[in-house]
Engineer: 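There's a structure below that I have some questions on.
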Number of protein chains: 2
Amino acid sequence: MITIKDIAEMANVSRSTVSRVLNDSGYVSEDARKRVESVVKETGYAPSEYAKSLRTKKTKVIGVILPTIQTETPSRIVTGLGRELSKHGYQILLANTDHDKEKELEYLDLLKVRQVDGIVLIATNADAKLMKKIKEINIPIVVIGQEAEDVIHVTYDDYRAVRELTRLFIQKGHEKIAFIGVDESDRAVGYYRKKGFLDEMAAQGLSVEKTWVQKAIFDIASGHEAMGEILKYANKPTATIAVTDRLAIGAMSYLKEQGLEIPTDMAIAGIGASEMSQYMEPPLTTVDYQNEKAGEEGAKQILASIESRPFQEKLVMDYRLIIRGSV
Amino acid sequence: MITIKDIAEMANVSRSTVSRVLNDSGYVSEDARKRVESVVKETGYAPSEYAKSLRTKKTKVIGVILPTIQTETPSRIVTGLGRELSKHGYQILLANTDHDKEKELEYLDLLKVRQVDGIVLIATNADAKLMKKIKEINIPIVVIGQEAEDVIHVTYDDYRAVRELTRLFIQKGHEKIAFIGVDESDRAVGYYRKKGFLDEMAAQGLSVEKTWVQKAIFDIASGHEAMGEILKYANKPTATIAVTDRLAIGAMSYLKEQGLEIPTDMAIAGIGASEMSQYMEPPLTTVDYQNEKAGEEGAKQILASIESRPFQEKLVMDYRLIIRGSV
DNA sequence: GAACAATGTGGAATCGATTCCACAATTTGA
DNA sequence: TCAAATTGTGGAATCGATTCCACATTGTTC
């Protein structure tokens with residue numbers, strides 16, 4: 001494998017001169033520069049990132065920690081991240097926790113040891129333990145999808161989106177509206193989406209039965225189960241907001257099993273603009289977050305931070321309602 | 001940041017001795033070993049991968065090249081890969097080509113420069129250009145989902161799976177069976193799945209109208225369009241095999257638009273066991289490939305190759321039919 | 001008892017790049 | 001014309017690890 005030593009010999013200069021040409025730093029005569037560039041081109045020489053990194057302490061690698069790559073939100077964000085990072089010569093080192101929260105902390109340590117230039121956390125819960133570890137490792141960090149104090153973060157306007165969804169139902173004449181959420185330890189999906197729902201209902205003078213508000217987990221089966229719980233009682237709602245498309249799809253499958261018509265007997269909406277949402281029967285009303293763009297923006301901010309340029313600590317992505325046959 | 005020099009000073013030994021302890025190589029007295037281990041533990045010291053790599057020429061990083069991370073097959077394979085690789089202290093460097101074939105070759109070069117220990121290609125077409133480049137870069141490589149001569153590859157039995165699917169339709173009384181495929185440059189999805197279909201039909205003495213065999217691309221919309229083409233002619237089939245779930249789902253949406261009943265008017269099946277397939281109406285019959293396991297197996301073989309242990313050049317993953325309401 | 005082997009250790013060389021220092025030649029300005 | 005600044009260059013030091021060599025001590029075998 002060719003090294004800078006070989007290039008220097010071929011171009012009749014020293015390694016310092018080759019380095020000056022490659023990095024466009026310091027004085028180099030035009031003659032010497034041309035000779036070096038010619039040799040580099042004809043040999044296809046590229047310097048070792050490892051040797052460079054040892055000296056410059058930069059790796060051009062960003063670590064990305066996520067609970068799964070198999071769902072749309074994380075995979076879209078990673079796509080956006082990768083698109084922007086590769087424009088600047090950076091690569092993604094993937095750290096998949098497989099939903100194991102402890103692994104998140106382990107990966108932060110591992111990525112520090114691997115000297116990544118920055119770390120992006122996707123679909124995390126920014127709890128005290130995580131925030132403490134983030135402060136400790138002292139690497140530029142971006143959190144995507146969750147608020148994080150004193151850390152660059154890109155979020156979606158969960159609160160406003162759900163308020164608007166709720167308003168949509170009310171405008172369509174619904175007064176009894178149910179809600180399928182997740183644990184509020186997930187501030188974005190669990191807390192703010194619920195708060196948006198409850199605040200809009202209160203603002204419209206509409207009450208919410210305790211039995212209409214269910215807590216699920218992030219899978220289709222638990223949406224199914226939650227709808228079952230909602231419909232167990234006499235005072236039944238006529239519409240349901242689920243905090244993810246998966247939960248909505250699970251709920252829909254329960255309704256169909258019970259012979260109930262969507263949206264005639266129950267209107268329903270989700271969040272996430274999953275591909276599946278489009279092909280449900282009827283097609284599911286949903287909120288489209290700009291996940292790929294969130295990834296791109298996250299990449300821009302972390303690069304600005306790494307390269308000591310001004311950055312925005314907080315970005316809130318826009319969203320749009322996709323109104324379909326389920327409402 | 002702590003280095004081996006600091007550890008040596010704290011433990012009252014030389015850097016060589018610390019290195020011997022960390023790598024369990026060469027003679028070290030019990031006394032010295034205990035002191036070093038104690039200091040390493042209390043400081044949380046971990047050696048720089050970059051410095052190690054400079055000397056050992058190993059990086060403990062595997063490059064993964066894929067056209068998209070947003071679909072189920074690649075994301076499941078990556079999940080399986082990551083699970084196995086992380087057991088052995090390896091990390092994944094993600095290289096997403098965004099369906100740009102030229103980028104695949106660029107990424108091979110980039111990953112060589114980054115001195116990854118191995119490269120995994122997912123959802124590629126092993127054409128002559130790619131195979132030439134693979135020979136040239138001389139890094140352990142695994143191809144997943146496609147056959148590749150002289151390269152470790154993990155495949156699915158596309159041919160046999162589609163023969164079995166075709167037989168299933170015939171056993172249910174269908175004689176007029178349509179096929180929605182993709183370009184045959186994709187040997188696995190385009191060629192072998194089609195060949196399985198045609199061979200089984202011929203073996204059963206059943207003819208296939210030219211208009212019943214359509215070529216689509218890998219998206220739902222083109223499955224919709226393909227079904228439109230199939231139904232344009234008088235002699236209509238009563239069943240359709242699509243080479244991916246997405247194409248099947250697109251076809252289904254066309255049928256519904258035309259007011260046709262699935263499976264009464266047209267039975268339909270896809271391949272890929274997508275999550276969506278389960279929630280279609282009726283639920284889609286599909287072939288489940290073991291994508292995560294393919295990733296795990298691919299990881300095992302590439303690690304065996306990297307570590308100069310015996311490996312299998314060709315693995316064929318098993319599959320299972322998931323028979324649902326669409327047939 | 002001597003020669004050979006095993007044990008244990010420290011320090012230099014090495015990996016491949018960048019960076020800084022020293023030196024020489026040339027140019028500029030007073 | 002001379003001093004200072006600029007231009008151009010090569011080589012050593014450095015980054016943080018591993019590895020090998022040289023040396024000293026201890027143990028074993030003939």
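This one's a predicted model, so the numbers in the text were calculated from it and none came from an experiment. A note on names: the letters A, B, ... follow the listed sequences, proteins ahead of strands, and every chain is numbered from 1.
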Engineer: At under 4.0 Å, does any side-chain N or O of B/Thr56 touch on OP1 or OP2 of D/dT18?
Structural biologist: no

Engineer: For the pair B/Asp117 and B/Lys60, find out whether any cationic side-chain nitrogen is under 4.0 Å from an anionic carboxylate oxygen.
Structural biologist: no

Engineer: Give a yes/no on whether any side-chain N or O of B/Ser19 is located under 4.0 angstrom from OP1 or OP2 of D/dA17.
Structural biologist: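 No, B/Ser19 has no side-chain N/O under 4.0 Å of OP1/OP2 on D/dA17.
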
Engineer: What integer distance in Å separates A/Arg114:CZ from D/dA17:C1'?
Structural biologist: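 One finds 15 Å between C1' of D/dA17 and CZ of A/Arg114, rounded.
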
Engineer: Measure the distance from OH on A/Tyr50 to P on D/dT18 and round it to the nearest whole Å.
Structural biologist: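 A/Tyr50 atom OH is separated from D/dT18 atom P by 15 Å.
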
Engineer: Could you give the CG-to-C1' distance, from A/Asp6 to C/dA17, as a whole number of Å?
Structural biologist: 13 Å

Engineer: In whole Å, I'd like the distance from the CZ atom of B/Arg15 to the C1' atom of C/dA13.
Structural biologist: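 Those two atoms, CZ and C1', are 11 Å apart.
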
Engineer: Within a 6.0 Å radius of atom NZ on B/Lys101, are there more than 12 heavy atoms belonging to other residues, nucleotides or ligands?
Structural biologist: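 Yes, enclosed.
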
Engineer: Checking all strands, does A/Thr3 fall into the base, sugar-phosphate, or nothing category for heavy-atom contacts under 4.0 angstrom?
Structural biologist: sugar-phosphate

Engineer: Taking for each residue the nucleotide of DNA chain C bearing the nearest heavy atom, is the 5' side occupied by A/Asn23 or by B/Asp31?
Structural biologist: B/Asp31

Engineer: Look up atom OG in A/Ser53 and atom CD in A/Gln115, then write down how far apart they are to the nearest 0.5 Å.
Structural biologist: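 Output value for this atom pair is 5.5 Å.
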
Engineer: Side-chain N or O of A/Thr17 less than 4.0 angstrom from OP1 or OP2 on D/dG10?
Structural biologist: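 So the side-chain polar atoms of A/Thr17 do come within 4.0 Å of the phosphate oxygens OP1 or OP2 of D/dG10, strictly under.
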
Engineer: 5'-most contact on DNA chain C: A/Pro47 or B/Arg35, nearest heavy atom basis?
Structural biologist: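 Result: B/Arg35.
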
Engineer: How many Å lie between CD on B/Glu9 and P on C/dG10, as a whole number?
Structural biologist: 12 Å

Engineer: According to a strict under-4.0 Å criterion, is A/Ser29 in side-chain N/O contact with OP1 or OP2 of D/dT9?
Structural biologist: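 True: A/Ser29 side-chain N/O within range (under 4.0 Å) of D/dT9 OP1/OP2.
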
Engineer: Roughly, in whole Å, what's the span from CE in B/Met1 to C1' in D/dG16?
Structural biologist: 8 Å

Engineer: Under 4.0 Å between a Lys/Arg side-chain N and an Asp/Glu carboxylate O for A/Arg187 and A/Asp158?
Structural biologist: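 Result for this pair is no, no salt bridge flagged.
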
Engineer: Would you state whether a donor and an acceptor, one from the side chain of B/Arg20 and one from the base of C/dG10, lie under 3.5 Å apart?
Structural biologist: yes

Engineer: Taking CD from B/Glu30 and P from C/dG8, how many angstroms apart are they, rounded to a whole number?
Structural biologist: 9 Å

Engineer: Let me know which of A/Thr71, A/Thr79, A/Asn291 forms a side-chain hydrogen bond (donor to acceptor under 3.5 Å, both in side chains) with B/Gln70.
Structural biologist: A/Thr79

Engineer: For D/dG16, does OP1 or OP2 lie under 4.0 Å from any side-chain N or O of A/Lys57?
Structural biologist: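 Answer yes for this pair, as a side-chain N or O of A/Lys57 is under 4.0 Å from OP1 or OP2.
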
Engineer: Less than 4.0 angstrom between a side-chain N/O of A/Tyr45 and OP1 or OP2 of C/dA17, yes or no?
Structural biologist: yes

Engineer: With a 3.5 Å cut-off and just heavy-atom distances, do the side chain of A/Ser25 and the base of C/dT18 make a donor-acceptor pair?
Structural biologist: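 When only heavy-atom distances are counted, A/Ser25 does not reach the base of C/dT18 through any donor-acceptor pair under 3.5 Å.
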
Engineer: Distance criterion of 3.5 Å, no angle test: do you see the side chain of A/Arg55 paired donor-to-acceptor with the base of C/dT19?
Structural biologist: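 Looking at the base of C/dT19, it does not pair with any donor or acceptor on the side chain of A/Arg55 (distance under 3.5 Å).
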
Engineer: Can you check whether B/Ser14 has a side-chain N or O nearer than 4.0 Å to OP1 or OP2 of C/dG10?
Structural biologist: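 Checking B/Ser14 against C/dG10: at least one side-chain N or O falls below 4.0 Å of OP1 or OP2.
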
Engineer: For a quick test of reading the model: is some side-chain N or O of B/Tyr27 closer than 4.0 Å to OP1 or OP2 of C/dG8?
Structural biologist: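 No, B/Tyr27 has no side-chain N/O under 4.0 Å of OP1/OP2 on C/dG8.
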
Engineer: Specify the separation, in whole Å, of atom CG of A/Asp24 and atom C1' of D/dG8.
Structural biologist: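 Answer to the nearest Å: 15 Å.
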
Engineer: What heavy-atom pair brings B/Thr17 and B/Ala32 nearest, and what distance separates the two atoms?
Structural biologist: CG2-CB, 4.4 Å

Engineer: Among D/dA17, D/dT9, C/dC20, find the nucleotide with the atom closest to the side chain of A/Val28.
Structural biologist: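 Of all the options, the side chain of A/Val28 is nearest to D/dT9.
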
